[in-house]
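Down below is the structure, laid out as structure tokens.
Just so it is clear, the model here is predicted, and its values are computed rather than measured. Letters go in sequence order (proteins before strands), and every chain restarts at 1.
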Amino acid sequence: MYKIATWNVNSLRVRLPRVLAWLDENKPDVLALQETKITDADFPLEAIQQAGYQAVFSGQKTYNGVAILSRNKASDITTDLLEFEDPQRRVLAAVIDNIRILDLYIPNGESVGSEKYQYKLNWLSKLDHFLKHELKKHPKIIVLGDFNIAPADIDVHDPKRWHERIMCSTPEREAFKAMLNIGFHDAFRELHPAEKTFSWWDYRTYGFSQNLGLRIDHILASDALISHCKKAYVDTALRKEERPSDHAPVVVELKL
DNA sequence: ATGGTTGCAACGCAA
């Protein structure tokens with residue numbers, strides 16, 4: 001099985017030992033990272049190469065930052081959405097093993113109605129154009145990352161509490177549906193139609209211990225790939241350990 | 001739980 005995973009690590013500098021341990025234990029073919037919070041000059045390439053992986057990355061100081069680790073070589077690297085010059089490093093696309101991988105760190109949006117929320121909605125509209133463009137060039141696409149969108153109430157521990165709040169608002173959910181409408185499938189939800197499973201738990205409410213989570217990290221497979229997805233799951237093992245990321249890895253296994 | 005914790009970097013900002 002070909003294993004592809006996504007993980008918002010919330011600082012690669014802090015989480016590097018965890019990432020290396022996770023690679024060693026799970027041996028994914030591709031691991032997409034978000035919130036690396038590290039410049040390209042400081043990227044820990046040697047440690048990752050010693051673990052048997054190659055890496056491409058697009059980082060910045062302090063905030064954001066994305067990277068793709070893979071067994072095999074990445075080509076056709078893209079770091080920006082179409083016609084959208086953004087200093088925030090949130091996009092990384094590459095072809096690996098003849099599959100187009102799109103690693104996304106979609107803006108958080110802070111709160112509905114805020115300036116950052118407008119930035120998020122604008123970003124999502126740029127993403128829509130980008131995805132349509134990418135699909136024309138590459139039928140076999142995996143879009144994965146931290147979407148900062150819980151697609152439906154089943155993806156939320158307490159839908160009433162989160163009603164029309166950030167990550168759950170109707171415009172955000174509509175943007176997510178639009179991605180599915182142009183030819184993508186939410187791999188976890190396709191394989192587990194009724195499972196209430198989360199990928200992120202707020203540090204501030206000690207959310208993990210009570211499972212007060214949201215499913216906001218996703219792996220979308222294009223029409224050409226969804227039938228190859230045989231397994232999808234969230235790996236919560238590391239979230240239970242000392243000093244975890246607030247997100248857990250999400251994994252799909254494909255029979256190619 | 002309308003508060004709280006974490007990471008960065010050095011104070012408040014972002015999540």
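Note: NZ (A:K120) to C1' (B:dA14) measures 13 Å, nearest angstrom. Between A:D42 atom CG and B:dC8 atom C1' there is a gap of 13 Å when expressed in whole angstrom units. Straight-line distance from the CH2 atom of A:W162 to the C1' atom of B:dA15: 11 Å, rounded to whole Å. Here the P atom of nucleotide B:dT6 and the CD atom of A:E242 are 10 Å apart, to the nearest Å. For the pair A:Y119 OH and B:dA14 C1', the interatomic distance rounds to 13 Å; values are reported in whole Å. Whole-Å rounding puts the A:K61 NZ to B:dG12 C1' distance at 15 Å. When rounded to the nearest whole Å, the span between CG of A:N64 and C1' of B:dG7 equals 13 Å.
For the P atoms, the distance from B:dC13 to B:dT2 is 23 Å, rounded to whole Å. Spacing between B:dA9 and B:dA14 at atom C1', rounded to whole Å, works out to 13 Å. Distance noted for atom C1' between B:dA10 and B:dT6: 16 Å (whole Å). Only the C1' atoms considered, B:dA1 is 23 Å distant from B:dG12, to the nearest whole Å. For the C1' atoms, the distance from B:dC11 to B:dG7 is 14 Å, rounded to whole Å.
Relative to the six-membered ring of A:F198, A:R215 misses at least one condition, a distance below 6.0 Å or an angle of at most 45° to the axis.
With a cut-off of 3.5 Å on both Watson-Crick or G-U wobble distances, the partner of B:dA14 is given as B:dT6.
Neither side chain, A:Q88 nor A:Y105, offers a donor N or O lying under 3.5 Å from an acceptor on the other. Inspection of the A:Y119 and A:D86 side chains reveals an N or O donor paired with an N or O acceptor under 3.5 Å.
For A:D155 and A:R189, the salt-bridge test passes: some basic side-chain N is under 4.0 Å from an acidic carboxylate O. Ion pairing between A:R100 and A:E134 holds under the 4.0 Å rule for side-chain N and carboxylate O.
Map A:H247 and A:R13 each onto its nearest nucleotide of DNA chain B; the residue landing nearer the 5' end is A:R13. Residue-to-nucleotide proximity on DNA chain B shows that, of A:V14 and A:Y63, the 5′-proximal contact is made by A:V14.
Contact check of residues 196-208 of chain A against DNA chain B (heavy atom, cut-off under 4.0 Å) returns A:Y203, A:R204, A:T205, A:Y206.
For A:R15, a side-chain nitrogen or oxygen approaches OP1 or OP2 of B:dG7 to under 4.0 Å.
Here A:R165 lies in heavy-atom contact (under 4.0 Å) with a base.
No hydrogens or angles were tested; on distance alone, nothing pairs the side chain of A:R161 with the base of B:dT2 as donor and acceptor under 3.5 Å.
No option in A:T6, A:D246, A:V250, A:L214 other than A:V250 meets the side chain to side chain contact (heavy atoms under 4.5 Å, CB included) test with A:S199.
Residue A:Y53 holds its OH atom at 3.5 Å from CZ of A:R71, rounded to the nearest 0.5 Å.
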So A:I142 and A:L102, side chain to side chain contact (heavy atoms under 4.5 Å, CB included) or not? Walk me through it. CA-CA 6 Å; A:I142 295 288; A:L102 304 185; over 6 Å; no
